[in-house]
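Remarks on the structure that follows.
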2 protein chains.
Amino acid sequence: MTIEMNDNPADDEAAARLSALGHPTRLRVFRTLIAAGPDGMPAGELAARVGVAKNNLSSHLNVLRQGGLIVMRPSGRSRIYAVDLDTIAATIGYLVSDCCQGHPEVCEALSPGMERAC
Amino acid sequence: MTIEMNDNPADDEAAARLSALGHPTRLRVFRTLIAAGPDGMPAGELAARVGVAKNNLSSHLNVLRQGGLIVMRPSGRSRIYAVDLDTIAATIGYLVSDCCQGHPEVCEALSPGMERAC
DNA sequence: TCAATTGTTCAATGACCATTGAAATGAATG
DNA sequence: CATTCATTTCAATGGTCATTGAACAATTGA
């Protein structure tokens with residue numbers, strides 16, 4: 001009879017990040033920033049590209065930032081946002097972790113998707 | 001002056017999948033199924049392991065299934081759920097796609113997280 | 001200093017979501 | 001055929017989230 005853990009902090013953290021990405025606007029923001037690379041992009045340009053109101057974008061950026069998925073640095077009167085690569089790597093890792101202890105075929109099946117991307 | 005696309009079906013689809021994973025209970029369910037491998041696991045055992053009411057689990061399973069992240073097959077009076085590997089691979093791929101056209105350092109930064117998992 | 005630019009915060013609204021208990025389905029067993 | 005078992009569906013509840021307009025900083029340049 002094993003003890004039941006029905007509350008795991010690591011799950012909550014990873015779920016919060018995935019939930020942050022689980023919104024059309026935020027996903028577009030994130031992918032736009034991924035494509036922009038480490039230099040990032042100011043909020044205004046981001047709003048124009050994604051096609052969303054500035055105040056609305058601002059709250060979405062806060063969600064992504066609180067999840068640790070993006071970082072911000074001020075530059076003049078702009079604020080430049082960029083992806084945090086470590087966080088997204090860790091999140092993906094957590095999502096599929098434990099898939100290879102006993103079931104290596106799972107990770108093999110995942111490879112094509114990754115190769116297509118990178 | 002480029003045309004603004006502020007509604008992309010691909011984004012909506014991927015966001016729906018990430019949103020499905022962006023809930024602590026559903027994330028635990030998904031990872032439990034990943035660990036279970038292709039054979040999957042009946043709903044009852046899943047409910048016991050994750051520590052959630054059966055009717056509640058049922059609705060969460062529906063969300064994951066509508067996102068295409070898991071599949072179900074009946075077996076006797078049980079219903080056995082298992083992960084759909086193609087979907088999760090495609091979702092991860094979409095998440096980080098376009099990161100290497102001009103910014104290969106992004107994908108290089110992602111690799112360690114994947115290796116840790118697999 | 002005045003005004004324009006760049007973003008954020010706030011409050012309010014409506015919409016969506018998770019959870020619960022009770023009832024219902026559907027398959028196996030006696 | 002009635003019963004048990006495994007799971008789902010339903011309705012109702014409270015809670016959280018996205019969006020909008022208006023007001024508020026903070027920075028730059030005339």
Side-chain angles (χ1 to χ4, degrees), chain A residues 4 6-8 11-30 32-33 36 39-67 69-82, chain B residues 4 6-8 11-30 32-33 36 39-67 69-82:
Chain A
E4 274 306 338
N6 55 358
D7 221 40
N8 184 348
D11 276 318
D12 291 353
E13 223 179 290
R17 289 172 187 154
L18 290 166
S19 176
L21 293 169
H23 184 283
T25 299
R26 287 197 293 264
L27 182 55
R28 292 189 65 188
V29 167
F30 184 81
T32 303
L33 289 178
D39 291 345
M41 189 179 293
E45 187 179 343
L46 212 38
R49 285 214 197 181
V50 175
V52 69
K54 281 171 284 185
N55 52 358
N56 190 10
L57 176 69
S58 192
S59 73
H60 284 308
L61 287 173
N62 260 332
V63 174
L64 289 170
R65 203 154 58 86
Q66 289 202 331
L69 291 159
I70 63 176
V71 293
M72 186 271 279
R73 66 174 192 276
S75 169
R77 52 183 152 191
S78 294
R79 301 190 183 190
I80 299 184
Y81 290 87
Chain B
E4 276 305 337
N6 54 0
D7 221 39
N8 184 350
D11 276 316
D12 291 354
E13 223 178 290
R17 287 169 189 158
L18 290 167
S19 176
L21 293 170
H23 184 282
T25 299
R26 286 195 294 263
L27 182 55
R28 293 189 64 191
V29 167
F30 184 80
T32 302
L33 288 179
D39 290 343
M41 189 178 294
E45 187 179 343
L46 212 38
R49 286 215 197 180
V50 175
V52 69
K54 283 171 282 185
N55 52 356
N56 189 12
L57 175 70
S58 192
S59 73
H60 284 308
L61 286 172
N62 258 332
V63 174
L64 290 170
R65 202 154 60 89
Q66 288 201 332
L69 291 159
I70 62 175
V71 293
M72 185 272 280
R73 67 173 191 279
S75 169
R77 50 185 155 189
S78 294
R79 300 190 185 192
I80 298 183
Y81 289 88

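Order of the sequence lines fixes the chain letters, A, B, ..., with proteins taken first and strands second; residue numbering starts at 1 for each chain.
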Could you check whether any side-chain heavy atom of [X] comes within less than 4.5 Å of a side-chain heavy atom of [Y], counting everything from C-beta outward?
| X | Y | result |
| --- | --- | --- |
| B:R17 | B:L21 | no |
| A:R73 | A:R79 | no |
| A:R28 | A:R49 | no |

Whole angstrom is fine here: how far is it from [atom1] in [X] over to [atom2] in [N]?
| X | N | atom1 | atom2 | result |
| --- | --- | --- | --- | --- |
| B:H23 | D:dG15 | NE2 | P | 15 Å |
| A:L46 | C:dG7 | CG | P | 10 Å |
| A:I80 | C:dT5 | CD1 | C1' | 15 Å |
| B:L61 | D:dA6 | CG | C1' | 13 Å |
| A:L64 | C:dT8 | CG | P | 12 Å |
| B:D12 | D:dA18 | CG | P | 14 Å |
| A:M72 | C:dG7 | CE | C1' | 10 Å |
| A:H60 | C:dG7 | NE2 | C1' | 15 Å |

Presence of donor-acceptor pair under 3.5 Å, side chain of A:N55 and base of C:dG7: no
Closest approach to the side chain of [X], judged atom by atom: which nucleotide of [options] is it?
| X | options | answer |
| --- | --- | --- |
| A:T25 | C:dT19, D:dT19, C:dT9 | D:dT19 |
| B:K54 | C:dA18, C:dT8, D:dT8 | D:dT8 |
| B:N56 | C:dT20, C:dT8, D:dA18 | C:dT20 |
| A:R77 | D:dT9, C:dG7, D:dG29 | D:dG29 |

Do the side-chain N or O atoms of [X] get closer than 4.0 angstrom to the phosphate oxygens (OP1, OP2) of [N]?
| X | N | result |
| --- | --- | --- |
| A:S78 | C:dG7 | yes |
| B:Y81 | D:dA6 | no |
| B:N62 | D:dT9 | yes |

Where B:L27 and A:A15 come nearest, the two heavy atoms and their spacing: CD2-N, 3.6 Å
5' priority, DNA chain D, between B:R79 and A:S75 [closest heavy atom]: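 Upstream on the strand: B:R79.
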Sugar-phosphate, base or nothing in reach of B:P42, heavy atoms under 4.0 Å: sugar-phosphate
Option from B:T32, B:I70, B:L64, B:V71 for which side chain to side chain contact (heavy atoms under 4.5 Å, CB included) with B:Y81 holds: B:I70
